[in-house]
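One structure is given here, and the rest of the page talks about it.
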There are 2 protein chains.
Amino acid sequence: MTTATPQPQAGAEPPGPGAGRPRAAVMEDVAALAGVSAMTVSRVLNTPAKVAPKTRERVLSAMRELDYRPNSAARVLATGRSGVLGVVSLDTTLYGPACTLYGIERAARSAEYVITIASLGELNRRSIEDGVERLRAQSVDGVVIIAPHRSAAEGLRRLPPDLPVVVVGAGDDLTVPVAAVDQRAGAVRAVRHLLSLGHETVWHLAGPADWVDADGRVEGWRAVLEGEGRDVPPLLSGDWSARSGYEQGRVLAADPAVTAVFAANDPMALGLLRALREAGRRVPEEVSVVGFDDVPEAPYFAPPLTSVRQPFGEVGRHAFQLVLERVGGGGGGGAPPGGPPARRTVEPELVVRESTAVRRGAR
Amino acid sequence: MTTATPQPQAGAEPPGPGAGRPRAAVMEDVAALAGVSAMTVSRVLNTPAKVAPKTRERVLSAMRELDYRPNSAARVLATGRSGVLGVVSLDTTLYGPACTLYGIERAARSAEYVITIASLGELNRRSIEDGVERLRAQSVDGVVIIAPHRSAAEGLRRLPPDLPVVVVGAGDDLTVPVAAVDQRAGAVRAVRHLLSLGHETVWHLAGPADWVDADGRVEGWRAVLEGEGRDVPPLLSGDWSARSGYEQGRVLAADPAVTAVFAANDPMALGLLRALREAGRRVPEEVSVVGFDDVPEAPYFAPPLTSVRQPFGEVGRHAFQLVLERVGGGGGGGAPPGGPPARRTVEPELVVRESTAVRRGAR
DNA sequence: TGCCCTGATGTTTGCGCTAACGCGATCGGC
DNA sequence: GCCGATCGCGTTAGCGCAAACATCAGGGCA
């Protein structure tokens, strides 16, 4: 007799004989059991300080007894806040995105947020807008976009202005806040390291042309070489995969002038190592190789790979932080008043292992 | 004057001078513009066939004009269905979980579902229950648990019975449906392959003892050896990491009797390869190695790794399918009437590369 | 003693949507 | 030409919760 709503399954009569489980308890039920009004129950949940300790205890124990769980949909409807953060990402199987996602998730968890993901089959304006839209339809409070892609950046320009959005690892010409690793600095360190070992110059095996991360690394590489007055060898590009590293590596291996290579990520470096090995060129005696990412397996490559470690977890944390600030503070407004949008950058770190060595007969 | 609700930000008067954006359109607005009732708008969204084509068109164009987006929270509240699927997973950074997650996500997307994830810091009864609880608080329609861990399995026994749950890769003594790779079959193939190359027996570098996947591989390995009347060497275990593979590999490398090793995953195989190399034992000439997972980099290891490919994407798809069946059909009533819960298994595949070869002087 | 103020609790209302039903109009069959 | 069966759409009534305002008790202070 309680409410007699047209709940489809399971009879609703309280003292019914068999009949399925007795519908989950709602706030009203708790209130009745505790002898208070529903509003007081709500207060116990949201502003416990405003409820007398004794009452609060009574309500809490009623909740326990009924195994009450607040209905999030109802709360969202009433408050306009969902406590859900959306993440749009390209292929979450890749090491970088996966780690970033994980970082975001951990940060979100400790702030009582939950995240929902929309991964993209391909990366372009359409798919990004589509991903954001899918999340928006779920009333997320904000969105983090992991899409370090040039063409993606365009899609970002026409985002819904009423939704806090933060981008991970994009270029710096955007109107949205960005959390990123300083790719340029990482590349600089890698190249400086190689030059300091006596190499005349450094080849670069870059990532796909329209990835902003790849661009940053190319820039850093070129800047150091030019700054030191070295030759800038022709650029080779792969697609991040070990396979592409192998293919380009065969080209490099055939050129005896090549003594130092900076690969834009670890899988490509791995492919490169194999190509060098097959060509009979020893690493690091004849050729030094530096990777980027420092995947957990890098220390076990043949030889153990010198690499630039990216603190993806940190980036994820920053990204979450940025969204949170926008959700809470700015009331959903885009950039903070005046000035360009926030940009949080973290520094990568060079980890030296055995794939780099002093150039034979240097100096 | 439309509704004059206490919306915090932005004045609500229609012809107000400055004042922020004009509140998102709701169903009533669309209805008004199209000259119909809100219910008809709702029908256009949910049962378009029941609306006259002409009316439907009018409504649709009104939606477009107002940039209307249905409010999911309200819909959830009214229907009890959220269209959200929860995924509880250990460290989504690991290759297996990441791929499975991705598979689930793709399957979900094509079914108009969205997924939210709760990753776990550690894996035990408490954390699993906690993860499920966190998701449940978000009114998910169902949950997939990626937790191939013995101790996890216990946590599964006392899941809320009113929530459709599917487990990925768990043991077979559960009361919930399972989607999994047939680990045993994969191990059998790996070991058979090695025996067929003339090796007297096969060592096994296993995963952590309480992982069900690890167990399955151990079982398959042991079964083949015993079935063929071979010696069963002592078992070595790692923790899935390349580092542990390296450490255990040093032990194996020191034993000249070892000519064939089956590693329980690729990173451990990688570490093992390094240990063998450092010990001066050549692969595959002196020692053959097989991995498990077939990560994308495996073909570029030194030497390219023979491995057992796990179709994680498939598993993800099956897992999603299983939940969906439970959400739609069973009305959330746990296992299907009679018989044990469903179990969907996919077969892994052996990919032969250059880390395995005929035993020197065999037969 | 009377007043206002504070703190604890209750009442009302509405968030945006959809299930269930109702009612008029159209339609085919005999 | 009448009747029941559609079809198309509107009306009503909640889903469970929280914001705003209302209420009521007690206590300090003049």
Side-chain angles (χ1 to χ4, degrees), chain A residues 1-9 12 23-32 34-59 62-63 66-83 136-139, chain B residues 1-9 12 23-32 34-59 62-63 66-83 136-139:
Chain A
M1 237 161 259
T2 45
T3 39
T5 56
Q7 203 75 0
Q9 76 280 60
R23 300 181 61 244
V26 300
M27 201 171 257
E28 200 66 51
D29 303 336
V30 175
V36 297
S37 78
M39 197 54 225
T40 298
V41 177
S42 171
R43 269 189 281 259
V44 168
L45 255 24
N46 303 303
T47 53
K50 297 196 169 183
V51 177
K54 219 168 157 181
T55 319
R56 195 192 313 146
E57 269 320 312
R58 247 189 10 255
V59 170
M63 286 182 180
L66 297 176
D67 190 29
Y68 168 72
R69 313 147 191 285
N71 178 313
S72 68
R75 173 182 293 183
V76 174
L77 190 57
T79 62
R81 293 270 191 94
S82 66
R136 182 133 86 136
Q138 296 293 325
S139 330
Chain B
M1 232 154 262
T2 44
T3 40
T5 58
Q7 204 75 0
Q9 74 281 60
R23 301 183 59 246
V26 300
M27 201 171 257
E28 200 67 50
D29 303 335
V30 176
V36 296
S37 78
M39 196 55 226
T40 298
V41 177
S42 171
R43 269 190 280 258
V44 168
L45 254 24
N46 303 302
T47 52
K50 297 194 168 184
V51 178
K54 218 168 160 182
T55 319
R56 195 192 312 146
E57 267 322 312
R58 251 194 359 260
V59 171
M63 286 182 181
L66 297 176
D67 191 30
Y68 167 73
R69 310 149 193 285
N71 178 314
S72 68
R75 198 211 293 271
V76 174
L77 189 57
T79 61
R81 293 272 191 94
S82 67
R136 182 135 84 137
Q138 297 293 324
S139 330

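Computation of the quantities below employed the complete heavy-atom set of this structure, encompassing side-chain atoms and omitting hydrogens, waters and symmetry-equivalent molecules. Quick note on labels: first sequence line is chain A, next is B, and so on, each numbered from 1. Everything numeric here is computed off the predicted structure, so don't read it as measured data.
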Spacing of [X] atom [atom1] relative to [N] atom [atom2], expressed in whole Å:
X     : N      : atom1 : atom2 : value
B:L45 : C:dT18 : CG    : P     : 6 Å
A:M27 : C:dG10 : CE    : P     : 13 Å
A:L77 : C:dT13 : CG    : P     : 18 Å
B:E57 : D:dC9  : CD    : P     : 13 Å
B:E28 : C:dC17 : CD    : P     : 9 Å
B:R75 : D:dC17 : CZ    : P     : 21 Å
B:L66 : C:dG16 : CG    : C1'   : 15 Å
B:K50 : C:dT18 : NZ    : C1'   : 13 Å

- Any donor-acceptor pair under 3.5 Å from B:R56 side chain to B:V51 backbone: yes
- Task: Consider the side chain of A:T79, meaning its heavy atoms from C-beta on, and name the nucleotide among C:dC17, D:dA19, D:dC9 that approaches it most closely.
- Result: D:dA19
- Message: Heavy atoms from C-beta onward define the side chain here; which of C:dG14, D:dG10, C:dC17 lies closest to that of A:A78?
- Response: C:dG14
- Should B:T40 be listed as having a side-chain N or O under 4.0 Å from OP1 or OP2 of D:dG8? no
- Contact under 4.0 Å: A:N46 side-chain N or O vs D:dA18 OP1/OP2: yes
- Looking only at non-hydrogen atoms, find the nearest pair between A:L45 and A:Y68 and report the distance. CD2-CE2, 4.0 Å
- Query: For the residue pair A:A38 and A:E28, what are the closest heavy atoms and their distance?
  - Reply: CB-OE1, 3.7 Å
- By nearest nucleotide on DNA chain C, pick out whichever of B:R69 and A:A38 is the more 5' one. A:A38
- Message: Please compare B:V26 and A:S37 by the position of their nearest nucleotide in DNA chain C and report the one closer to 5'.
- Response: A:S37
- Message: For C:dG10, does the base pair up with any side-chain atom of A:R43 as donor and acceptor (N or O, under 3.5 Å, distance only)?
- Response: yes
- Query: How do B:A52 and A:M39 order along DNA chain D: which one's closest nucleotide is nearer the 5' end?
  - Reply: B:A52
- Task: With heavy atoms under 4.0 Å as the rule, sort A:V41 into base, sugar-phosphate or nothing.
- Result: nothing
- Message: Over all strands shown, is B:V36 touching base, sugar-phosphate only, or nothing at heavy-atom distances under 4.0 angstrom?
- Response: sugar-phosphate
- Item | Validation row: B:N71, B:M27 side chains within 4.5 angstrom (heavy atoms) | no
- Item | Donor-acceptor side-chain pairing of A:S72 and B:S139 below 3.5 angstrom | yes
